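Below is one structure; the comments refer to it alone.
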Number of protein chains: 2
Amino acid sequence: MYVTRKADYAVRCVLHLSKYPEQVVSVNDIAKAMHIPKSFLAKILQRLVRKNIVMSIRGVNGGFQLSRNPKDINLLEVIEAIQGVTAANICALDSKKCRLSSTCSVHPVWVGIRKEIEKRLREWSFSRLAEAKR
Amino acid sequence: MYVTRKADYAVRCVLHLSKYPEQVVSVNDIAKAMHIPKSFLAKILQRLVRKNIVMSIRGVNGGFQLSRNPKDINLLEVIEAIQGVTAANICALDSKKCRLSSTCSVHPVWVGIRKEIEKRLREWSFSRLAEAKR
DNA sequence: CTAAAACAGGACATAATCAGTCCTGTATAG
DNA sequence: CTATACAGGACTGATTATGTCCTGTTTTAG
């Protein structure tokens, strides 16, 4: 599993929105707060809208807000919304991609790692993240 | 952490050599057994030699063999020999790369995942892998 | 009703990385 | 001395990552 900048920005973005629930925040504001190139973020938000994680309000004073309670959105969901399902090794994603997977003793290691990562990412809801202290 | 084909091939290759300890195996034989493009594998082996995981014997009847006992080589070492140190998210690799890492509540999640992956990969020596049944 | 603010979506650009290939050179067994 | 096998550098083509830009649409304030 490798997290692209795009997915990383998406996470930051949702995290920011989680801190201002019910409020409408513009792309510009999110971009400045989270250090994300504005037009790139706009693209990312389009995708989050389609995936029903965020909703958009057009026109003057428009912007974005979460379409669900942050407790019902987790890290895994946001990352997969942007980059699709991934794994550290393609063999853990699709054993057909690997001619050896049925006999290879490394295969179960990758599958185990994938499950562990997904479990951890699923455990972190954005309400939990927003509350977390550093 | 994303495993490239190169690193994956390296793992297969070392695994194959672990099954024939003390024997000298040619690039050709490894490539055929493990379904790896031959000239690509040759490059990978060069790197494994420099990293002292494998040793080469030149000339007629030459080839490669492990330079250490398979129990002293683990998955993490082979992968890092090929692709260097990696992590699922660059922020877990080098917090300087991320302007937010000092305040971002997601950062510890990535660091935790990285540690977990490295731990698991380190636990698998090639003697253990070679013995593992599927 | 119109101008300005803000999102939507497609096209484009650019750089890096991935996944190999190829060619020349060197060592060595027989 | 020749065939076999590794060493290493250069090169290539495809894909992906990371954005930017431009045009269009929606909406609201005045």
Side-chain angles (χ1 to χ4, degrees), chain A residues 1-13 17 23-32 34-65 67 79 82-84 86 88-91 93 97-99, chain B residues 1-13 17 23-32 34-67 79 82-84 86 88-91 93 97-98:
Chain A
M1 145 81 77
Y2 175 73
V3 179
T4 60
R5 305 302 300 141
K6 215 166 178 167
D8 192 55
Y9 290 157
V11 167
R12 292 190 202 179
C13 171
L17 291 176
Q23 285 185 40
V24 175
V25 189
S26 70
V27 176
N28 229 327
D29 290 352
I30 303 172
K32 278 181 186 161
M34 291 306 189
H35 298 102
I36 307 172
K38 183 184 164 183
S39 53
F40 197 33
L41 178 59
K43 288 274 150 228
I44 293 164
L45 276 159
Q46 281 176 27
R47 196 154 180 89
L48 292 176
V49 168
R50 273 185 240 118
K51 293 286 180 173
N52 199 34
I53 291 169
V54 144
M55 50 185 284
S56 73
I57 294 96
R58 295 176 74 151
V60 178
N61 300 324
F64 297 85
Q65 64 185 125
S67 56
I79 291 168
I82 300 300
Q83 52 181 58
T86 59
N89 193 316
I90 31 164
C91 82
L93 203 58
K97 288 276 171 77
C98 175
R99 295 187 58 181
Chain B
M1 143 81 78
Y2 175 75
V3 179
T4 59
R5 303 302 300 140
K6 214 166 179 166
D8 192 55
Y9 290 156
V11 167
R12 292 190 203 180
C13 171
L17 292 175
Q23 286 186 39
V24 175
V25 189
S26 71
V27 177
N28 230 325
D29 290 351
I30 304 173
K32 278 181 186 160
M34 292 306 187
H35 298 102
I36 306 172
K38 183 184 163 182
S39 52
F40 195 33
L41 178 59
K43 287 275 147 224
I44 293 165
L45 277 159
Q46 282 177 24
R47 195 154 181 90
L48 292 176
V49 168
R50 272 184 242 120
K51 294 286 179 173
N52 198 36
I53 291 168
V54 144
M55 51 185 285
S56 73
I57 293 96
R58 295 175 75 151
V60 177
N61 301 324
F64 297 86
Q65 64 185 124
L66 295 184
S67 56
I79 291 169
I82 300 300
Q83 50 181 60
T86 60
N89 194 316
I90 31 166
C91 81
L93 204 58
K97 287 278 172 76
C98 176

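Please read these numbers as outputs of a predicted model, since none were measured by experiment. Lettering of chains follows the sequences in order, A, B, ..., and the numbering in each one begins at 1.
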For C:dA6, does either OP1 or OP2 sit under 4.0 Å from a side-chain N or O belonging to A:Ser56?
no
Nearest heavy-atom approach of A:Ile30 to A:Cys13 is CG2-SG, 4.0 Å
Could you tell me how far apart A:Arg58 (CZ) and C:dC7 (P) are, to the nearest whole angstrom?
10 Å
For A:Arg50 and C:dA8, what is the distance between atoms CZ and C1' respectively, to the nearest whole Å?
9 Å
When all nucleic acid strands are considered with a 4.0 Å heavy-atom cut-off, which category describes A:Gly59: base, sugar-phosphate, or nothing?
base
Does the side chain of [Y] come within less than 4.5 Å of [X]'s, by heavy atoms?
X	Y	result
B:Ile82	B:Leu48	yes
B:Ile57	B:Phe64	no
A:Ile79	A:Val11	yes

Main chain of B:Leu17, side chain of B:Gln23: is a donor-acceptor contact present, judged purely on distance under 3.5 Å?
no
Would you confirm whether A:Gln65, through its side chain, and A:Ser56, through its main-chain N or O, come within 3.5 Å as a donor-acceptor pair?
no
With a cut-off of 3.5 Å and sequence neighbours excluded, list every side-chain donor-acceptor pair involving residues 34-47 of chain B.
unit_1, atom_1, unit_2, atom_2, d
B:His35, NE2, A:Arg99, NH2, 3.3
B:Arg47, NE, B:Ala81, O, 2.8

For DNA chain D, which nucleotides open and close the run of contacts to chain A, 5' to 3', at under 4.0 angstrom from a non-hydrogen atom?
D:dA17 to D:dA29
In numerical order, the residues of residues 36-48 of chain A whose heavy atoms come under 4.0 Å of DNA chain C are A:Lys43, A:Gln46
List in chain and number order the residues that pass side chain to side chain contact (heavy atoms under 4.5 Å, CB included) with A:Asp29, two or more places apart in sequence or in another chain; answer none if no residue qualifies.
A:Val25, A:Ser26
Got a second to check how far A:Ile90's CD1 is from B:Tyr2's OH, nearest 0.5 Å?
5.5 Å
Strand contacts (DNA chain D) in residues 2-11 of chain B, 4.0 angstrom heavy-atom criterion
none
Inter- and intrachain pairs under salt bridge (charged side-chain N to carboxylate O under 4.0 Å, His left out), touching residues 1-11 of chain B, at least two apart
B:Arg5-B:Asp8, B:Asp8-B:Arg12
